[in-house]
Engineer: 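Quick one: structure below, then a few questions.
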Amino acid sequence: MDDILFLLSQTMIFAIPLLIVALGGLFSERSGVINIALEGIMVIGAFCGIFFIHFMQDSMNPQLCLIIAILIAGVAGMIFTLFHAIASIHLKADQTISGTALNIFAPAFCIFVARLIQQTQQVEFTDVFRIKEIPILSSIPIIGDILFKNTYITTFLGILILIISWFILYKTKFGLRLRSCGELPQAADSAGINVYKMRYAGTLISGFLAGIGGLVFVLPTSTNFNADVAGYGFLALAVLIFGQWKPWRIAGAAFFFGFMKTIASAYSGIDFFLSLGIPNYFYKITPYIATLLVLAFVSKNSAAPKAEGEPYDKGKR
Amino acid sequence: GGGDKKTDDTTKKDGNAEIIMITDKGTIDDKSFNQGTYEGVEAYAKKNNKTFNYIKPVAATDDEYKNSIDQAVKQGAKVIVTPGYLFEPAIYAKQTEYSDVKFILIDGYPNDGNQENPKSNTENNAIGIKFQEEQSGYLAGYAAVKEGHTKLGFMGGMAVPAVMSFGYGYIQGADAAAKELGIDVSMNYHYTGDFKATPEVQNTAASWYKSGITAIFGCGGAVGNSVMAAAEKADPVGAVIGVDVDQATESKTVMTSAYKQLANAVNDALASIYSGDFDKVDDDKILFRGGQNIVLGAANNAIGLPMDTSTFKKFTKADYDKVYKTIQDGKVTIKNSTAGEDVSVIKTEKVKVNFIK
Amino acid sequence: MKKILNSDGIKDLLSSCVAVFIGLIFGLIVILIANSDYAVEGFLTLISGGFSNGARGIGQVINQAVPIILTGLSVGFAFKTGLFNIGTPGQFVVGAFVAIYVGVEWTFLPGALHWIVAIILAGIAGSLWGAVPGLMKAYLNVNEVISSIIMNYIGMYTVNYIIPLTVFDSMKNQTLNVNQNAIISKFGLDLLVPNINGGIVVAILAVVVIHIILNKTTFGFELKACGFSPDASKYAGINAKQKIVFSMMIAGALAGIGGGLLYLAGSGQCLQVVDTLAPEGFNGIAVALLGLSNPFGVLIAGLFIAHITIGGSLMQIYGFIPQIVDIIVAITIYFSAFSLLIKQFLNKHKLFNADNIKKEEQSHG
Amino acid sequence: MEKIIEMLHITKKFPGIIANDDINLELRKGEIHALLGENGAGKSTLMSVLFGLYQPEEGEIRLNGKKVDIKDPNDANRLGIGMVHQHFKLVHNFTVLENIVLGVEDTRKGMLYLKDARKKVMAISEKYKLNVDCDALISDITVGMQQRVEIIKMLYRDNNILIFDEPTAVLTPQEIEELMTIMRDLAAEGKSILFITHKLNEIKAVADRCTVLRKGKCIGTVDIKDITKEEMSEMMVGRKVNLNIEKDDAHPSDIVLSVKDLVVEKKGHKNVINNISFDVRKGEIVCIAGIDGNGQSELVYALTGMMPISSGHVILNGEDITHASIRHHSTHGLSHIPEDRHKHGLVLDYPLSYNMVLQRYFEPAFSNKGFLKFEEINQYTNDLIEQFDVRSGQGAKTLARSMSGGNQQKAIVAREMDRAHDCLIAVQPTRGLDVGAIEYIHKKIVEERDAGKAILLISLELDEVMNLADRILVIYEGEIVGELNPKETTFNELGLYMSGSKKGAQV
Ligand SMILES: Nc1ncnc2c1ncn2[C@@H]1O[C@H](COP(=O)(O)OP(=O)(O)OP(=O)(O)O)[C@@H](O)[C@H]1O
Ligand SMILES: Nc1ncnc2c1ncn2[C@@H]1O[C@H](COP(=O)(O)OP(=O)(O)OP(=O)(O)O)[C@@H](O)[C@H]1O
Ligand SMILES: [Mg+2]
Ligand SMILES: [Mg+2]
């Protein structure tokens, strides 16, 4: 039981950033713009957020510092994504091309800037943001152990973003309009909705969230940042598709994949798994094979937004 | 650092330099042996007003390493410093071609790279320097157990010789201490597969701390950073053993570091070259001289633990000096990984090793 | 002749040149920011790339280019048939492993047959890796982007698991050196360019074959039709599902061959056991995009990226970091997206003037 | 009557074409004003200008005599102008209600608030007997209902100038009848309607006046009561058009296509095709008539091999092809003009030449050992272009996508009629085409018949059915409910069969 609680609690390290970034991708794709640049945006977001922390962590309250860093990461991601948005919305460029360009650009840019500023490419930080225990809540059985002990505000942020995303997409005027732009922009246009504006909004939100996701990804995993998020941007894209472009399913996919990854990397600390004597690489592969198998069963009807990837052209019918 | 005008004032406008380092796959700020080597070069060159520079090869191939050596010579290099065993075949080939250039090869001895019947040869204008990482690892393992840790972890990056030697020494050191104390010790032993900080590494370390392991040797570049992240989060806070250099500044959880004095070695080798000692190839009183493959260890004070910055409570400086002396005196023999065998060749009495493979 | 000059290919090339030009301008700006003192030297070194090293530099460029031409061709080919093959890193690494395995173990193969068999098997391994996303897309409607990403990891982990059990140099944590016979023939090219990777001949062959398949054959007709419109292809009686699988298999084979060509080049490079996706695979996406997915475009793009990569490496002697090359490549790709637009714009204008041209022709004739 | 809208000297250019050339149009309050013209004459463009989707290069628009500036659909909406587009603009995975409110949503505390909207929609629906289900998903409702949703969308916005761009092209006769009624009611209430259609009957039936466009130019505006259908079509095309199909009696001979006890299942539905049997003989046109959605599409897919058959047999020229591949069908004597020319009929991004050999590229005539013979393919395409008068900008090289709908359809007809076949299945071959093009295609079909081919025509349009068929089979809910002789039956009787009110006859 203890082990399971531990695994669930550790799952957050994988699942929360995947969730946040995939939700970012959701906004973009639901507005009709494929965002393959999530990886690069994560790198930029993490870089800017960590740089802020690097300079400020000693001089301010840790949680305040983290919140500002999160905002900086989000805004940086958003500004960076603006390039993707301009290319794919206004200039009607192929969305894969500008996305790929951003992915190549981001790490190179971060290394360049880091060296310009501090002569080394790694940006160091100290993880002072962990909350050991949240009073009262942490004593709730099970949930308390998973969510309210040894936790980060980012975990709640992730869950909050999930709820807000769902709310925005399905309960607000903005969400309705955004989704219509991803399905049939002509309909939106003739209903007086500015498709370009909505797509900018969707894409920039995705940049904001992916930037945050990058920071959230790096914080608990290291003590420095080296312009790399280890392919998790692409995995977030996979989670988005796995989650069939729907917020709760994305959450399900993120936690499923996160949990599998957790078992795969934590098994050696758990006697039960250790006693099985299964080779390490078997565990490493399992999350991927499991995902592939699940996909084989759930993909019959794809729910991809109909107009995603197509630049909107007023003239085209 | 490299890409800036402030520190490279010794570089001439044409990019030429007397001392040129060639990196292997890493960068000069990789917190690993590329960085250590570069620091040695930088320290010597700045103090002695020599021009210096570095080159990162286009790809990690013998051909490209050779190209980089050619390039360095073209840039006017009198001394070429290369870190890593990957340079062995390149130096083997180029030392004869450029007999008036000096080569310093760290962590390797020049050879032709043939696996079946390797040909080794170190010309008089070259030197191969290796370290006895196993001694450093031994000290770390010994100290950890003496400090009271009975459940240990080892997380290496990739299973390359230096990492393996650290690990093997670590096991043997822990075993020695356990025997002295008459206690049983268990150890998880694992290579993560890469020199990167990832959530996977953090998670593995976290699960180890959770399972009762109290000290983990994070041995391989940024792997240690993820171990530190996990240690900070563990309850109670875990201990981390750093590697290569004193990593105490990187996290409060760093209990000690198993270092090897790369920068010093490079510095000394350069000094030997410029003083002319290097060319006295038959004078066996001179350590850093041409034509030699040398190994540096406790005997040269080239490995050890930084006791000043270590956070030991029970393991004292006196304990350290004592065990250091036994190594220096050759009273203990520590098996290393020169043959690249599996960790199971290390026989222990009191340490139970879980090899996670 | 006139026809060739007016062809789309030339227009593509011209528009890509514009993008490259913009990319280089940005590169110059970055260089100026980094260190204005050495900007001129640095930039000249960068753009002279492989040429500043004489014949050897050209050899370096070709060695760098060979694997990314193949992965670029893989991505580009799949693009042409309506698929996004982001699975090149996985296909590349399984191809590399199989080539090395054959290169080390199958010493019974005589002479050149050894490397030829190794490369062919590398292609087959890559194609099997590509077949999985293909089959899943065709028969289970699984988006090929996600299954390809997953297959990358499965490929990498599988290879890293198998290497220590087979052709392992435990001292260096990498594969063993391959047999001399398994090293690709230099085809006499090393007389001109020392240390050349003979794989360039295979790469050019692959470019030509893919061009022919796509543009001259009924098979290519079917593949592209399925890419453009699965429904219309079905109506036309083309087995669209089968074509998706074939297309992914060919793409996979190209990437797999790329892996084989890199590690059988005789450059002394071995496959390391490291949990990192093969960068050559991802670079293929950049090459394909820069080459507008056109096989010959991919060839040129691969050589170009290799060229400035060498330039970027040489630039370090002035204290510049090689990542400047990535910045330039990224910006070039970014603007190549626009140059497509510029081309369309020009085409439209042509159309706009089509009547006038016709009239002119008539009045002349 | 007062003028409500005046469009003066409107000119709108697209690259390479002047879609609207100095056009004047005047709409009066309470009138139904038809807009007539060939495919590509510029009707949709003109309406898009009025609705703010396009900005004209020249000209001005006046509303109640005042010049107005319509920059986007929002402006149009504000001025009370609404439009039902030729291609519906409904989001398939939204509900009816969501589609209606899209763009003019109510909110409470930042949340969508649909209660009032629902009430208003229900009221409109009741008032005009539009009969829509607010909570149904668009993807689940019929085309006719989608159209009604589009109408409610306009009424919901309280628009009083209503533009209908080819609303009837996709409707069944009954639905068309209902739509006409609705339009009359709306006009009677004082709303002004602009109505685009290619069907002269409809114009005759509801419109007060009609403006005719030809090649982007305005030919004139006429009062409907003063003009005949023949005169209208002459204005439109610039020559006399024969609106009646001239054909001799059929002389059916051997059976070519025989369908026996055919059953097709679809997941989650009952059998979409339930035990259908019929024969088609050489030299006759058999027409399957029925309201859209009664299994016509599935029947065609089953007959052409595009959908698996659950039980029963399909026999072509004596060979059982029930489970044969699509390729087998097309190489063994079956031609097929598909219902959806964009989805199935053409690879839009292929040049015309490739599209002309879409099912034949592998034949020895067009390829050799797997290599395409470009010369032969181009030559063949040029022959067809000439023979069937397919108009395309750059001949064989033209991308199919850039051709007009009418010419795309002609290309398909050319391809299907020219390749070796004994039986032609034509599904709504004249949908959305102008009278000139319709005349042409009808003539070709009759020629086919007279050349001894067996023809199975699937059509939703009663006119076409009555004029073209030698035999009519009426399909209702996946079953053949009647076989009628066009010479003996009436529109009324046919309609009764189609709506399922009458069954039996001579099946
Ligand atoms: N977006 C566009 N881009 C380029 N040309 C266009 C565009 N829209 C329309 N055209 C041109 O304008 C002409 C008029 O088109 P329009 O759609 O208005 O015709 P229409 O009268 O509505 O035809 P139909 O009866 O087929 O609906 C077309 O022939 C076409 O060449
Ligand atoms: N994507 C496009 N790019 C350029 N021009 C286009 C495009 N789509 C349509 N057109 C132009 O619009 C014209 C009309 O096209 P369209 O297919 O809408 O004709 P249509 O007669 O309205 O057909 P349908 O009845 O099927 O709607 C064509 O002649 C073409 O010049
Ligand atoms: Mg129209
Ligand atoms: Mg039309």
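It should be emphasised that the depicted structure is a prediction, and the values quoted were computed from it without experimental measurement. By convention in this document, chain letters (A, B, ...) are assigned in the order of the sequence lines, proteins followed by strands, and residues within each chain are numbered from 1.
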Engineer: Non-hydrogen atoms of chain C under 4.5 Å away: do they reach the side chain of A304(A), the backbone, both or neither?
Structural biologist: neither
Engineer: State, to 0.1 Å, how close A93(A) and A337(C) come at their nearest heavy-atom pair, and which atoms those are.
Structural biologist: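 The pair with the smallest heavy-atom distance is CB-CB, 3.5 Å.
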Engineer: Measure distances from I328(C) to the heavy atoms of chain A and classify the residue's part below 4.5 Å as side chain, backbone, both or neither.
Structural biologist: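 It is neither, since no heavy atom gets under 4.5 Å.
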Engineer: Between I324(C), I150(C), L290(C), which residue shows the highest count of heavy-atom pairs closer than 4.5 Å to chain A?
Structural biologist: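 Answer, by heavy-atom pair count under 4.5 Å with chain A: I150(C).
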Engineer: Is the shortest side-chain heavy-atom distance between T96(A) and F79(C) below 4.5 Å?
Structural biologist: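 They are in contact (side-chain heavy atoms under 4.5 Å apart), so the answer is yes.
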Engineer: Which answer fits F83(A), side chain, backbone, both or neither, if we ask what part of it has an atom under 4.5 Å from a heavy atom of chain C?
Structural biologist: both
Engineer: Contact between I327(C) and I104(A) at the side-chain level, heavy atoms closer than 4.5 Å - yes or no?
Structural biologist: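 I327(C) does not reach I104(A) side chain to side chain.
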Engineer: Quick check for you: to the nearest 0.5 Å, what is the distance between I333(C) atom CD1 and S98(A) atom OG?
Structural biologist: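 I333(C) CD1 to S98(A) OG: 11.0 Å, rounded to 0.5 Å.
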Engineer: Return the CG to OH distance between L91(A) and Y334(C), rounded to the nearest 0.5 Å.
Structural biologist: 7.0 Å
Engineer: Can you tell me how far the SG atom of C110(A) sits from the CD atom of Q323(C), to the nearest 0.5 Å?
Structural biologist: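 Result: 10.5 Å between the selected atoms.
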Engineer: Out of N160(C), V329(C), N283(C), which one racks up the most heavy-atom pairs below 4.5 Å with chain A?
Structural biologist: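 Winner by heavy-atom pair count: N160(C).
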Engineer: I'd like to verify something: which residue of T291(A), V298(A), N280(A), L235(A) has the highest number of heavy-atom pairs under 4.5 Å with chain C?
Structural biologist: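 Highest number of heavy-atom pairs under 4.5 Å: L235(A).
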Engineer: Are F109(A) and V30(C) close enough, and set up right, to give a side-chain contact (heavy atoms from CB on, under 4.5 Å), and what steps lead you there?
Structural biologist: CA-CA 10 Å; F109(A) 176 79; V30(C) 168; over 6 Å; no
Engineer: Below 4.5 Å from any heavy atom of chain A, which atoms of M151(C) appear? Answer side chain, backbone, both or neither.
Structural biologist: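 Looking at M151(C), just its side chain touches chain A.
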Engineer: Starting at CD1 of I146(C), measure out to CG of L295(A) and round the result to the nearest 0.5 Å.
Structural biologist: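 Spacing of CD1 (I146(C)) from CG (L295(A)) equals 4.0 Å.
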Engineer: Between I285(C), L277(C), D275(C), V325(C), which has the largest tally of heavy atom pairs under 4.5 Å with chain A?
Structural biologist: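 Maximum pair count with chain A is reached by D275(C).
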Engineer: Can you say whether P279(A) sits under 4.5 Å from chain C via the side chain, the backbone, both, or neither, judging by heavy atoms?
Structural biologist: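 Contact with chain C: side chain only.
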Engineer: Can you tell which part of L240(A) gets under 4.5 Å to a heavy atom of chain C, answering side chain, backbone, both or neither?
Structural biologist: neither
Engineer: What part of F242(A) is in contact with chain C, defined as an atom under 4.5 angstrom from a non-hydrogen atom: side chain, backbone, both or neither?
Structural biologist: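 Both the backbone and the side chain of F242(A) come within 4.5 Å of chain C.
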Engineer: Can you tell me if CZ on F21(C) sees more than 12 non-hydrogen neighbours from other groups inside 6.0 Å?
Structural biologist: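 At most 12 heavy atoms, drawn from other residues, nucleotides or ligands, come within 6.0 Å of this atom.
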Engineer: Measuring from atom CG of N103(A) to atom CG of D326(C), what distance do you get when rounded to the nearest 0.5 angstrom?
Structural biologist: 12.0 Å
Engineer: Can you check whether F234(A) reaches F282(C) side chain to side chain, under 4.5 Å on heavy atoms?
Structural biologist: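 Yes, close enough: below the 4.5 Å cut-off.
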Engineer: I289(A), I285(A), L237(A), V239(A): which one forms the most heavy-atom pairs within less than 4.5 Å of chain C?
Structural biologist: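 When all of I289(A), I285(A), L237(A), V239(A) are compared, I285(A) has the most.
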Engineer: Look at atom NZ of K306(A) and say whether more than 12 heavy atoms of other residues, nucleotides or ligands are closer to it than 6.0 Å.
Structural biologist: no
Engineer: Could you go through the side-chain contact (heavy atoms from CB on, under 4.5 Å) check for F84(C) and I36(A) one step at a time?
Structural biologist: CA-CA 11 Å; F84(C) 187 17; I36(A) 200 168; 3.0 Å; yes
Engineer: Counting only heavy atoms closer than 4.5 Å, note whether T158(C) contacts chain A via side chain, backbone, both or neither.
Structural biologist: both
Engineer: In terms of ring plane angle, is the pair Y288(A) and Y157(C) parallel, tilted or perpendicular, where the classes change at 30° and 60°?
Structural biologist: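 Y288(A) and Y157(C): tilted rings.
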Engineer: Hey, is OH on Y161(C) packed in by over 12 heavy atoms from elsewhere, all under 6.0 Å?
Structural biologist: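 At most 12 heavy atoms, drawn from other residues, nucleotides or ligands, come within 6.0 Å of this atom.
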Engineer: A side-chain contact here means heavy atoms from C-beta on lying under 4.5 Å apart; do I97(A) and S336(C) qualify?
Structural biologist: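 Yes, side chains in contact.
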Engineer: Compare all side-chain heavy atoms of S147(C) with those of L292(A) and state whether any distance is below 4.5 angstrom.
Structural biologist: yes
